[in-house]
J.: 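Here's a structure for you.
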Amino acid sequence: MNQAVLNVIAEMEAVFEKAGEDFAFENIYNEMISDDNYADEEVPYERAEADWNEITGIMNRFYQTCRESGEMDDFSFVFAVYCNFYIRKGFYLRMGVEAFEQKGDWFAQDQEYSECLRCLWKGIRDQKYIWFERALERKRVPVAAMYLFVRQAAEFSQAITEGKTPDEKQEAAMWERYESLPVDYREYALGEGNAHREAPNLAADDNWLPYINFCSAKEYLISYILMYYREILGKFGLDPQQMDDTEVYSALIAKFQIPQMGDFFVRSGRKWNRKIDPKSGKSIEQLCDFTSRLISMMCEAYGAYDQTYMPFTIFFEKLHALNNRNILGAEAECVSFCESMTIPDRQDAPGLRNMYLNIPVVLSEQITARFFLSRYDLFRKNRQLEQQLAENKRLSREKQDMMDHYAHSWKHISYPMTVKRVAEELSRTNLPLANRLFKAYNSERTLQGGLQILQYSISDQPDAVRDAFRQGFYCVGAQVGKSIRQVMEESVDLVLFKVLMEEADGSRKISRCRANLQKQHSLEALREQYIRCYIQGEGRQESVLDWFDANVFPMEVSVDALWQEIRVKEDDFSDFQLSELFVELFTNVLTHGTDWCRISLESGEQSMDICVANAPGEENHGTRMGLKTLGAIVDKINYGAELVGITSGISADNVYGVRIAFDRRIIYRRGRR
């Protein structure tokens with residue numbers, strides 16, 4: 001806390017210390033106890049008024065200093081202490097609550113700031129925490145936020161003590177409030193820092209403002225018991241540090257010289273224990289009676305009743321309070337924050353006024369400082385994860401928007417089918433130029449399909465690829481669209497064009513296809529025949545699949561009844577993806593195959609399968625990257641179905657096989673045609 005704040009509070013406390021010395025009283029031990037309780041009638045009204053005027057003068061000077069330096073948060077903190085002093089020290093009982101607002105330069109200047117201070121005063125005066133919220137609405141003074149945080153922390157801790165699950169939103173709001181506080185305010189609120197004062201006496205805590213005391217009421221009771229126990233033994237001339245546990249009872253009996261007290265203690269104790277009823281007040285009455293008689297006997301035996309009665313009484317009172325909590329099964333309760341409380345009117349109870357001001361907030365023994373701050377660490381980690389998730393979503397949305405933009409733009413500037421038709425016409429007169437157009441067609445078609453798969457894959461909808469693929473099929477029985485065999489035909493045609501027309505594709509993979517094919521055929525002869533039949537259209541009678549079977553190497557194709565019913569929407573997402581799939585499969589066949597190939601489209605109860613088998617050559621050492629990529633796409637298509645998208649391997653008789661399984665419900669669609 002700012003040293004200037006500590007200095008000005010020390011000035012005010014010096015005034016109270018002088019009054020305490022002037023009006024000290026003698027206790028039962030003949031000790032002089034200072035008394036700065038201005039509610040006490042022994043303090044003249046004139047002295048109370050004079051001291052408060054002096055306190056207000058200190059505040060006025062500090063207010064002017066803070067206005068000049070701009071450190072008004074410091075003044076707000078001291079002002080809250082000033083308000084608490086007015087109530088704690090009993091000034092309001094001698095001078096009235098209304099007299100408070102009649103003093104102080106701060107109420108006559110800066111209207112907005114003075115309204116904030118009035119809200120602070122009303123919140124402290126009435127214990128209505130809505131006033132601290134209103135103070136924050138006018139000025140973001142940290143002391144108002146600290147009041148609200150301490151209250152939120154008390155309510156949070158009370159919920160845990162009662163076995164309730166804390167509300168996540170309320171807990172988050174509490175920690176956000178905590179983070180809004182300056183570091184020194186955080187420390188003070190948690191009972192730490194240079195401004196905090198240790199409080200060995202719960203009823204006489206001399207801290208200025210509310211804070212969270214992590215020493216539970218049970219711990220205070222235990223410390224009191226030990227304190228009075230040692231005091232009693234000390235009066236009897238016994239040193240507990242020099243005695244074993246078993247020696248204390250014997251020493252006391254010998255000191256009293258009344259052995260019969262032991263018998264009384266045992267008999268009365270047993271009688272009291274038998275009659276204990278936690279739901280009845282009689283057990284408490286019996287305990288009090290038993291304790292009172294025991295105290296009287298011990299004091300009379302010692303022969304100094306007036307000196308020993310108070311320590312004995314307090315000792316057993318604390319012991320009884322601790323024991324009674326255990327009997328009733330109740331935990332030490334948190335000092336609650338109550339709305340609409342009236343200022344305590346007992347002039348002889350400064351401790352009661354202290355509790356009214358919620359100094360300190362004592363928690364249950366369940367709520368330790370370590371536990372409390374561990375919840376804050378958990379809150380920060382969860383918030384960090386939420387922020388990272390939100391950032392990931394933002395980036396994903398940004399990527400999605402960008403992909404949607406380019407996919408939309410490409411759709412309107414790319415016409416692969418038009419390019420293909422022009423290339424076919426041009427091939428009759430200028431084959432080299434037509435080949436270039438065919439290459440552009442292949443590139444555009446591949447890019448178009450790739451953009452779409454990227455567009456769906458990076459969306460925040462995991463089922464986007466599946467839904468887009470499913471929409472690319474007509475319901476069975478439709479008379480429009482492509483058959484699956486047509487899709488295969490176009491794919492084989494595309495592969496042959498890439499392989500046989502060198503200008504169309506110079507990639508490493510296609511070059512390997514050419515090298516493998518050249519082991520058995522004259523590429524020049526195959527190229528001339530392909531151009532004549534499928535580019536120039538001369539004598540074209542058989543399908544590309546049949547031409548492949550007759551001229552490249554034997555290919556067996558079988559399509560079962562269900563697959564024959566499938567109709568694919570032309571130039572749709574599913575058309576592109578199936579085409580890319582068949583292109584990859586046929587390219588692999590040409591790259592690694594030698595003698596034969598078998599392609600079968602099979603349907604089962606749950607899947608529609610594409611199976612490819614061929615005899616691999618000696619150098620069948622592919623990277624499998626193509627199949628891996630296909631597998632990822634097929635898995636996205638099958639999202640939600642328990643299917644293995646792609647399986648592959650070489651059998652014992654040296655047959656390489658690949659099976660691609662699609663969820664049947666996606667491809668085989670029934671419904672209105």
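It should be emphasised that the depicted structure is a prediction, and the values quoted were computed from it without experimental measurement.
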J.: Look up atom CE in Met488 and atom CG in Leu585, then write down how far apart they are to the nearest 0.5 Å.
T.: 9.0 Å
J.: Flag yes if more than 12 heavy atoms outside Gln520 fall under 6.0 Å of its CD atom; otherwise flag no.
T.: yes
J.: Could you measure the distance from the OG atom of Ser180 to the CG atom of Leu136? Nearest 0.5 Å is fine.
T.: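 Separation between the atoms: 8.0 Å.
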J.: Would you be so kind as to tabulate the donor-acceptor pairs closer than 3.5 Å made by side chains of residues 597-611, with sequence neighbours excluded?
T.:
from, atom 1, to, atom 2, distance (Å)
Ser600, OG, Glu602, OE2, 3.1
Ser603, OG, Asp560, OD2, 2.5
Ser607, OG, Asp609, OD1, 2.9
Asp609, OD2, Arg659, NH1, 2.7

J.: Quick one: does Asp572's side chain get under 4.5 Å of Val568's, heavy atoms only?
T.: no
J.: Flag the pair Glu580 / Glu584 as yes when at least one side-chain heavy-atom distance between them is below 4.5 Å, and no otherwise.
T.: no
J.: Closest approach of Gly193 and Glu187, non-hydrogen atoms and distance?
T.: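 Smallest interatomic distance, heavy atoms only, reads CA-OE1, 3.5 Å.
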J.: Return the CG to CG distance between Asn551 and Leu496, rounded to the nearest 0.5 Å.
T.: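 Spacing of CG (Asn551) from CG (Leu496) equals 9.5 Å.
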J.: Decide if atom CD of Glu391 counts as having more than 12 heavy atoms of other residues, nucleotides or ligands within a radius under 6.0 Å.
T.: yes
J.: Check this for me: does any side-chain nitrogen of one of Glu490 and Lys482 sit under 4.0 Å from a carboxylate oxygen of the other?
T.: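 Here Glu490 pairs with Lys482 in a salt bridge, since their nearest N and O are under 4.0 Å apart.
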J.: As an exercise, state the distance from CD of Gln387 to CZ of Arg380, rounded to the nearest 0.5 Å.
T.: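 Going from the CD atom of Gln387 to the CZ atom of Arg380 covers 12.0 Å.
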J.: I'd like to know if Glu528 and Arg532 make a salt bridge, using a cut-off of under 4.0 Å between side-chain N and carboxylate O.
T.: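 Judged by the 4.0 Å cut-off on N to carboxylate O distance, Glu528 and Arg532 do not form a salt bridge.
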J.: Examine the side chains of Tyr376 and Glu179 and answer whether a donor and an acceptor come within less than 3.5 Å of each other.
T.: yes
J.: Can you name the nearest heavy-atom pair linking Glu133 to Leu148, along with the distance?
T.: CG-CD1, 3.8 Å
J.: Working to the nearest 0.5 Å, report the span between CH2 of Trp547 and OH of Tyr530.
T.: 8.0 Å
J.: For the pair Lys381 and Glu386, find out whether any cationic side-chain nitrogen is under 4.0 Å from an anionic carboxylate oxygen.
T.: no
J.: Within the side chain of Asp463, is there an N or O that forms a donor-acceptor pair under 3.5 Å with the backbone of Arg466?
T.: no
J.: Under 3.5 Å, side chain of His521 to main-chain N/O of Leu526, donor-acceptor pair present?
T.: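 No, the answer is negative, given that no donor and acceptor are paired below the 3.5 Å cut-off.
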J.: Can you check whether Leu181's main-chain N or O pairs, donor with acceptor, with Arg186's side chain at less than 3.5 Å?
T.: yes
J.: If we ignore hydrogens and angles and just use 3.5 Å, is the side chain of Asn516 paired with the main-chain N or O of Leu590 as donor and acceptor?
T.: yes
J.: What do you reckon, are the aromatic ring centroids of Phe576 and Phe573 less than 6.0 Å apart?
T.: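 No - the distance between ring centres of Phe576 and Phe573 does not fall below the 6.0 Å cut-off.
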J.: Can you tell whether the side chains of Asp467 and Arg470 come within less than 4.0 Å, N to carboxylate O?
T.: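 No salt bridge links Asp467 with Arg470.
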J.: Would you say the side chain of Gln577 lies within less than 4.5 Å of the side chain of Ile633, judging by non-hydrogen atoms?
T.: yes
J.: Could you list all the side-chain hydrogen bond (donor to acceptor under 3.5 Å, both in side chains) pairs where at least one residue sits in residues 630-639, not counting sequence neighbours?
T.: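 Non-adjacent pairs meeting side-chain hydrogen bond (donor to acceptor under 3.5 Å, both in side chains): zero.
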J.: Taking all atoms of both residues into account, what is the closest heavy-atom pair of Met146 and Ala189, and its distance?
T.: CG-CB, 3.9 Å
J.: Is there side-chain contact between Val612 and Tyr656, with heavy atoms separated by less than 4.5 Å?
T.: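 They are not in side-chain contact.
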J.: Looking only at side chains, do Ser543 and Asp546 share a donor and an acceptor under 3.5 Å apart?
T.: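 Short answer, yes.
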J.: Examine distances only and state if a side-chain atom of Asp549 and a backbone atom of Leu545 form a donor-acceptor pair shorter than 3.5 Å.
T.: no
J.: How many angstroms lie between OH in Tyr185 and OH in Tyr178, if you round to the nearest 0.5 Å?
T.: 15.0 Å
J.: Taking all heavy atoms of Val499 and all of Cys513, pick out the closest pair and write down the distance.
T.: CG2-CB, 3.9 Å
J.: For Phe469, which residues count as a ring pair (Phe, Tyr, Trp, His ring centres under 6.0 Å) partner, sequence neighbours excluded?
T.: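 Applying ring pair (Phe, Tyr, Trp, His ring centres under 6.0 Å) to Phe469 gives Phe473, Phe662.
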J.: Do Asp575 and Lys569 meet the salt-bridge criterion of a basic N to acidic O distance under 4.0 Å?
T.: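 No.
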J.: If we only count heavy atoms from C-beta on, is the Phe149 to Met174 side-chain gap below 4.5 Å?
T.: yes
J.: State which residues pass ring pair (Phe, Tyr, Trp, His ring centres under 6.0 Å) with Phe582; sequence neighbours excluded, sorted by chain then number.
T.: none
J.: Taking it one step at a time, do Glu155 and Lys164 satisfy salt bridge (Lys or Arg N to Asp or Glu O under 4.0 Å)?
T.: CA-CA 11 Å; Glu155 292 175 343; Lys164 300 176 182 177; over 6 Å; no
J.: Sequence neighbours excluded, which residues qualify as side-chain hydrogen bond (donor to acceptor under 3.5 Å, both in side chains) partners of Arg527?
T.: Glu502, Glu524
J.: Among all residues two or more places apart in sequence or in another chain, which pass the side-chain hydrogen bond (donor to acceptor under 3.5 Å, both in side chains) test with Trp175?
T.: Glu171
J.: Where do Thr587 and Thr591 come nearest, in terms of heavy atoms and distance?
T.: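 Thr587 and Thr591 have their closest heavy atoms at O-OG1, 2.7 Å.
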J.: Please determine whether a side-chain nitrogen of the Lys or Arg among Asp663 and Arg665 lies less than 4.0 Å from a carboxylate oxygen of the Asp or Glu.
T.: yes
J.: Minimum heavy-atom separation for Val487 to Ser579, with atom names?
T.: CG1-N, 4.1 Å
